Amino acid sequence: MKRLLLLFLIILPFQHSFSQLLSWTPAFPLETSDPVVITMDATKGNMGLLNYTPTTDVYVHTGVITNLSTGPSDWKYVKFNQNFNVPNPALQATSVGTNKWQFSIPGGLRAYYGLTNPAEIILKIAILFRNGNGTTVQRNSDGSDMYVPVYTAALAVQFTQPLMQPFYTRIPEPINKVVGDNLLITGLANNSSTLKIYLNGTVIQSATAATTISATPTLTTAGNQSVVLEANDGTTIKSDSFHFFVAPAVSILPLPSGLRQGINYNTNNTSLTLVLYAPSKTRVSVIGDLPSSNWTEQSLYLMNKTPDGNYWWITINGLTPGTEYSYQYLVDGALKIADPYTEKVLDPGNDGTIPNSTYPGLKPYPTGQTSGIVSELQTAEPAYVWAVNNFNRPDKRNLMVYELLVRDYVAKHDWNTLRDTLNYLKNLGINAIEIMPFNEFEGNLSWGYNPNFYFAPDKYYGPKNSLKEFIDS
């Protein structure tokens with residue numbers, strides 16, 4: 001029996017390392033000594049390198065997050081290809097099977113990445129896998145970067161089941177469970193200790209003088225569930241945790257009359273109804289910084305499904321008039337999407353380069369609480385009062401049209417500066433302006449022909465009321 005148990009403990013990390021998007025050995029890499037072998041499975045995440053050939057044309061782009069980094073995008077000591085068309089052989093990944101690649105970092109992360117300041121500590125390895133010219137990149141499912149946590153010799157724990165995603169803050173792969181299902185939970189510690197697993201505050205498994213522990217509880221209630229892994233070596237207690245949602249039965253209700261897709265504001269300014277077209281889905285919830293939500297799936301925010309199975313809707317109450325709320329739809333417990341009808345989004349990859357002078361008081365992205373594009377809503381938002389209500393169009397037979405891209409036409413790339421140049425255009429004899437697309441597009445530097453939210457003016461040009469003021473002028 002002891003031999004069988006030993007065999008199980010030996011092969012478990014191996015099985016784990018080849019069953020998720022990103023895995024690594026050792027399980028608890030140290031910044032000073034351990035060589036680190038990172039394995040990527042292209043059948044997971046965004047599947048950017050799925051079935052990619054030639055298999056020898058895969059490289060990594062890597063750096064580290066340190067205690068001096070300002071956030072997930074602030075990579076330090078980056079290793080990269082000097083020329084995207086001439087890859088660096090030192091960053092080449094090795095094919096280790098169908099759709100799997102591996103990259104080995106030699107012992108001593110500090111030496112490999114070039115850290116010399118003893119006060120600067122490596123917290124995470126940041127890494128992407130890509131083809132030689134960088135046109136195809138393997139990332140997380142939401143397009144974000146991938147990270148490997150780095151540890152010290154101090155006591156530490158981590159979950160290996162359920163499978164975890166290598167986000168900046170690791171979270172489980174989607175857990176779609178109903179009442180009566182079992183959930184496999186496995187945890188590791190880097191030092192021998194007393195280990196415990198808690199489900200919703202109750203100990204369901206314990207082990208002494210151990211480095212691994214497992215449990216397979218039966219889920220008996222719907223709603224939010226909490227799992228905690230705790231290690232105690234007699235002097236230090238460390239823990240890791242994750243949360244998941246067991247969905248109750250979905251309500252089947254007809255769509256109230258008069259509603260349209262997207263946001264439907266009610267006259268009392270404290271409630272609204274959201275409508276999403278999502279046929280053939282099992283459940284849809286709203287997550288965000290809405291009252292009592294905190295970016296986690298809640299029974300309170302489980303949407304109703306129409307009898308034909310095509311639409312999902314929910315009325316949300318208790319909103320504060322004038323307050324801007326962030327939200328997403330969580331589809332089938334896995335896919336996070338912004339509302340396609342929103343008039344404003346928050347973008348974790350691009351909002352940081354928008355100066356306050358262009359968009360004053362832009363709400364910060366909820367870093368660490370969600371991922372992907374986030375939609376915004378606001379009851380009783382500040383209205384724009386149109387100054388010109390009797391505009392007469394020029395004769396279409398006498399149009400003098402000036403086409404312009406806001407980004408390139410004025411250095412400050414905002415509606416207010418553009419409005420200040422109208423006399424210049426008028427003095428040229430221009431009586432009509434064709435603006436290149438300004439609805440929300442991917443990135444900030446664009447001609448606008450790659451839109452992703454058709455009803456949201458891109459924030460890189462300023463607030464939507466500044467756009468209205470420009471149109472008014």
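Just so it is clear, the model here is predicted, and its values are computed rather than measured. The chain is numbered in sequence order, starting from 1.
- Relative ring orientation between F159 and F242 is described as perpendicular, the plane-to-plane angle rising above 60° on a 0-90° scale split at 30° and 60°.
- For Y454, the OH atom is loosely surrounded, since the number of other residues' heavy atoms within 6.0 Å does not exceed 12.
- Classified by interplanar angle (parallel below 30°, tilted 30° to 60°, perpendicular above 60°), the ring pair Y151/F28 is perpendicular.
- The pair K344-E324 meets the salt-bridge criterion, since a charged nitrogen lies less than 4.0 angstrom from a carboxylate oxygen.
- E381 has a carboxylate O that lies under 4.0 Å from a charged side-chain N of K464, or vice versa, which qualifies the two as a salt bridge.
- Residues that satisfy the salt bridge (Lys or Arg N to Asp or Glu O under 4.0 Å) test with D347, not counting sequence neighbours, are absent from this structure.
- With sequence neighbours left out, E230 forms a salt bridge (Lys or Arg N to Asp or Glu O under 4.0 Å) with no residue at all.
- At a threshold of 4.5 Å between non-hydrogen side-chain atoms, the residues N356 and L362 do not count as touching.
- The residue from L109, I121, V36 that alone fulfils the side chain to side chain contact (heavy atoms under 4.5 Å, CB included) condition with V150 is L109.
- Residues meeting the ring-ring contact (aromatic ring centres under 6.0 Å, His included) test with Y365, sequence neighbours left out: none.
- Within a 6.0 Å radius of NZ in K196, other residues, nucleotides and ligands contribute 12 heavy atoms or fewer.
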### Pair N200-Q225, side chain to side chain donor-acceptor pair (under 3.5 Å): steps then yes or no
CA-CA 6 Å; N200 300 327; Q225 319 285 318; 2.9 Å; yes

### Query
After noting the C-alpha distance and the side-chain angles of N99 and N51, does the key distance pass the side chain to side chain donor-acceptor pair (under 3.5 Å) rule?
CA-CA 6 Å; N99 285 312; N51 299 324; 3.2 Å; yes

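- Every residue two or more places apart in sequence or in another chain that forms a salt bridge (Lys or Arg N to Asp or Glu O under 4.0 Å) with D145 is listed here: R139.
- In this structure, L276 and P340 have side chains that are in contact, with non-hydrogen atoms separated by less than 4.5 Å.
- Evaluation of the salt bridge (Lys or Arg N to Asp or Glu O under 4.0 Å) rule for K177 yields no partner, not counting sequence neighbours.
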### Task
Tell me, with the steps shown, if K459 and E376 meet salt bridge (charged side-chain N to carboxylate O under 4.0 Å, His left out).
CA-CA 13 Å; K459 302 185 302 300; E376 299 290 292; over 6 Å; no

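- Using a 4.0 Å cut-off between a side-chain N of Lys or Arg and a carboxylate O of Asp or Glu, K363 and D289 qualify as a salt bridge.
- Summarising the geometry, atom CG belonging to L195 is positioned 9.0 Å from atom OG belonging to S206; distances are rounded to the nearest 0.5 Å.
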### Message
Go through it in stages, so that I can follow the logic: the residues are N191 and S193, the test is side chain to side chain donor-acceptor pair (under 3.5 Å), and I'd like the CA-CA distance, side-chain angles, deciding distance and then a yes or no.
### Response
CA-CA 6 Å; N191 297 323; S193 54; over 6 Å; no

### Message
Between N294 and T296, is the side chain to side chain donor-acceptor pair (under 3.5 Å) condition met? List the steps.
### Response
CA-CA 6 Å; N294 196 31; T296 58; 5.6 Å; no

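- Under the 6.0 Å distance and 45° angle rule, K124 counts as a cation-pi partner of Y168.
- Minimum interatomic distance between S239 and V228 (heavy atoms only, all atoms of both residues): CB-CG1, 4.1 Å.
- A ring-ring contact (aromatic ring centres under 6.0 Å, His included) with W415 is found for one member of Y409, Y460, F438 and no other, namely F438.
- When the shell of 6.0 Å around NZ of K412 is examined, it contains 12 or fewer heavy atoms from other residues, nucleotides or ligands.
- The side-chain hydrogen bond (donor to acceptor under 3.5 Å, both in side chains) test applied to N304 returns no partner, not counting sequence neighbours.
- A ring-centre distance under 6.0 Å is not found for Y52 and W101.
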